Peer 1: 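I'd like to ask some things about the structure below.
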2 protein chains.
Amino acid sequence: MNLSATEEQLMNFIWEKETAFMKDILEAYPEPKPAPTTIATLLKRLTDKGALGFKTFGNSREYFPLYSKSEYFSGKVNNLIKNFFNDSPSQFASFFTKETNLNQEQLESLKSIIEDQIKSKKP
Amino acid sequence: MNLSATEEQLMNFIWEKETAFMKDILEAYPEPKPAPTTIATLLKRLTDKGALGFKTFGNSREYFPLYSKSEYFSGKVNNLIKNFFNDSPSQFASFFTKETNLNQEQLESLKSIIEDQIKSKKP
DNA sequence: TTATTTATTCTACATTTGTAGAATAAATTC
DNA sequence: GAATTTATTCTACAAATGTAGAATAAATAA
């Protein structure tokens, strides 16, 4: 379940589009585009890693993610929390709000998200 | 400023202890400990990368971090935010609170952290 | 003071990653 | 139907990573 930087980038595109053909991916890359074989290699590696599945159409494939962005990402965050914050999410949260420079509005919206969470957890 | 998994682990130890000698580090590793040369290699790589400095004492060195855990970590988080949340910290925050399973108490404490932040930002 | 331990560097080697050419096969265009 | 384009696989190769032995130098113990 661990992806490298370029693999993440590619997955991110497929997560957003839901499914993608090789050519969609190549199109999406900004200039200077990588060689098509570079993309092909990444697709193969991701398929081998179990991150992507595909459905064959003629001589090409429609790729789709085998796990969601949330699944992948929550693994990553939890890993960060474990490694850097002694397994304490609240310690992380505190760090997070201090370090990421949320503006007034963002803080307010975060606050109401948390309030909702609190409510939804009340018995 | 980019560290690999094992490098992070080592840095984490030094960040906590503030400074450390080779032997402190080796001691801290749980069984089965890595070979001392493995640690030595990591220390050298981290020094070359500019993550660690040292002060020589006889034939050994007292290593210390050249940047703080916060500095390093906020770079990492901001990177995550950029890559996965379209550069929107609040989108990330929302995801975070939903995915990391904070309990009632942790949510409350996070809420008051945010309230403090809001207050401190009011003109 | 010789033997031993310790810290460091150098060398090494397998694995993973970023990148892409060569080869091939299928599909499309002329 | 021959020529070209497209998708995929195979091979390749440099850089980074995880791991550690050999060599060396300095410090310590016997």
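It should be emphasised that the depicted structure is a prediction, and the values quoted were computed from it without experimental measurement. Here is how names work: the chains are called A, B, and so on, in the same order as the sequence lines, proteins then strands, and each is numbered from 1.
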Peer 1: From the list C/dG21, D/dA7, C/dT19, which nucleotide is the closest neighbour of the side chain of A/K23?
Peer 2: D/dA7
Peer 1: Looking at every strand, decide which applies to A/F54 at a 4.0 Å heavy-atom threshold: base, sugar-phosphate, or nothing.
Peer 2: nothing
Peer 1: Rounded to whole angstrom units, what separation is found between the CD1 atom of A/I39 and the P atom of D/dT6?
Peer 2: 15 Å
Peer 1: Rounded off to whole Å, could you give me the CG-to-P distance for the A/L46 and C/dT16 pair?
Peer 2: 14 Å
Peer 1: C/dT19, OP1 or OP2 - any side-chain N/O from A/Y29 closer than 4.0 Å?
Peer 2: no
Peer 1: Is there a chain of hydrophobic side chains (I, L, V, M, F, W, Y, each step under 4.5 Å between heavy atoms) that links B/Y63 to B/L66?
Peer 2: no
Peer 1: Base, sugar-phosphate, or nothing for B/A40, non-hydrogen atoms under 4.0 angstrom?
Peer 2: base
Peer 1: Between D/dA7, D/dT19, C/dT17, which nucleotide has the shortest distance from any of its atoms to the side chain of A/S60?
Peer 2: D/dA7
Peer 1: When we call it a touch if two heavy atoms are under 4.0 Å apart, what does A/F57 touch: a base, just sugar-phosphate, or nothing?
Peer 2: nothing
Peer 1: Checking B/K111 against A/E115 for the salt bridge (Lys or Arg N to Asp or Glu O under 4.0 Å) test, could you report, in this order, the C-alpha distance in whole Å, the side-chain angles of both residues, the deciding distance, and whether it holds?
Peer 2: CA-CA 8 Å; B/K111 187 178 145 190; A/E115 280 165 348; 3.6 Å; yes
Peer 1: To the nearest Å, how far apart are B/N2 CG and D/dT17 C1'?
Peer 2: 12 Å
Peer 1: Roughly, in whole Å, what's the span from CD in A/E62 to C1' in D/dA7?
Peer 2: 15 Å
Peer 1: With a cut-off of less than 4.0 Å, is there a side-chain N or O of A/K49 near OP1 or OP2 of C/dT17?
Peer 2: yes
Peer 1: Rounding to an integer number of Å, can you tell me how far A/L43 CG sits from C/dT17 P?
Peer 2: 15 Å
Peer 1: Kindly give the heavy-atom pair with the smallest separation between A/S68 and A/W15, and that separation in Å.
Peer 2: C-NE1, 3.5 Å
Peer 1: Report which part of the nucleic acid A/T38 touches: base, sugar-phosphate, or nothing (heavy-atom distance under 4.0 Å, all strands).
Peer 2: base
Peer 1: Please state whether the phosphate of C/dT8, meaning OP1 or OP2, lies under 4.0 angstrom from any side-chain nitrogen or oxygen of B/R61.
Peer 2: yes
Peer 1: Need to verify one output field. Residue with the more 5' nearest nucleotide on DNA chain C, A/K33 or A/G58?
Peer 2: A/K33
Peer 1: Looking only at atom types and distance, does a side-chain atom of A/K33 sit under 3.5 Å from a main-chain N or O of A/Y29, one as donor and one as acceptor?
Peer 2: yes
Peer 1: Nearest to the side chain of A/E7, which nucleotide is it out of C/dG21, C/dT17, C/dT19?
Peer 2: C/dT17
Peer 1: Which nucleotide in the set C/dA7, D/dT9, D/dA12 lies at the smallest distance from any side-chain heavy atom of A/R45?
Peer 2: D/dA12
Peer 1: If you check the B/M22 side chain, which of D/dT8, C/dA7, C/dG21 turns out closest?
Peer 2: C/dA7
Peer 1: What is the separation between atom NZ on A/K44 and atom C1' on D/dA7, rounded to the nearest whole Å?
Peer 2: 13 Å
Peer 1: Considering only C/dT17, D/dG18, C/dT6, which nucleotide approaches the side chain of B/N59 most closely?
Peer 2: C/dT6
Peer 1: Would the base of D/dA20 count as contacting B/T41 through its side chain, where contact means a donor and an acceptor less than 3.5 Å apart?
Peer 2: yes
Peer 1: Main chain of B/P34, side chain of B/T38: is a donor-acceptor contact present, judged purely on distance under 3.5 Å?
Peer 2: no
Peer 1: Ignoring hydrogens and angles, tell me if any N or O in the side chain of B/K49 forms a donor-acceptor pair with the backbone of B/L3 under 3.5 Å.
Peer 2: no
Peer 1: Measure from CG on A/L42 to P on D/dA7 and round the result to the nearest Å.
Peer 2: 16 Å
Peer 1: How many Å lie between CG on A/D48 and P on D/dT8, as a whole number?
Peer 2: 13 Å
Peer 1: Name the closest nucleotide to the A/T37 side chain, picking from C/dA22, D/dA12, D/dG21.
Peer 2: C/dA22
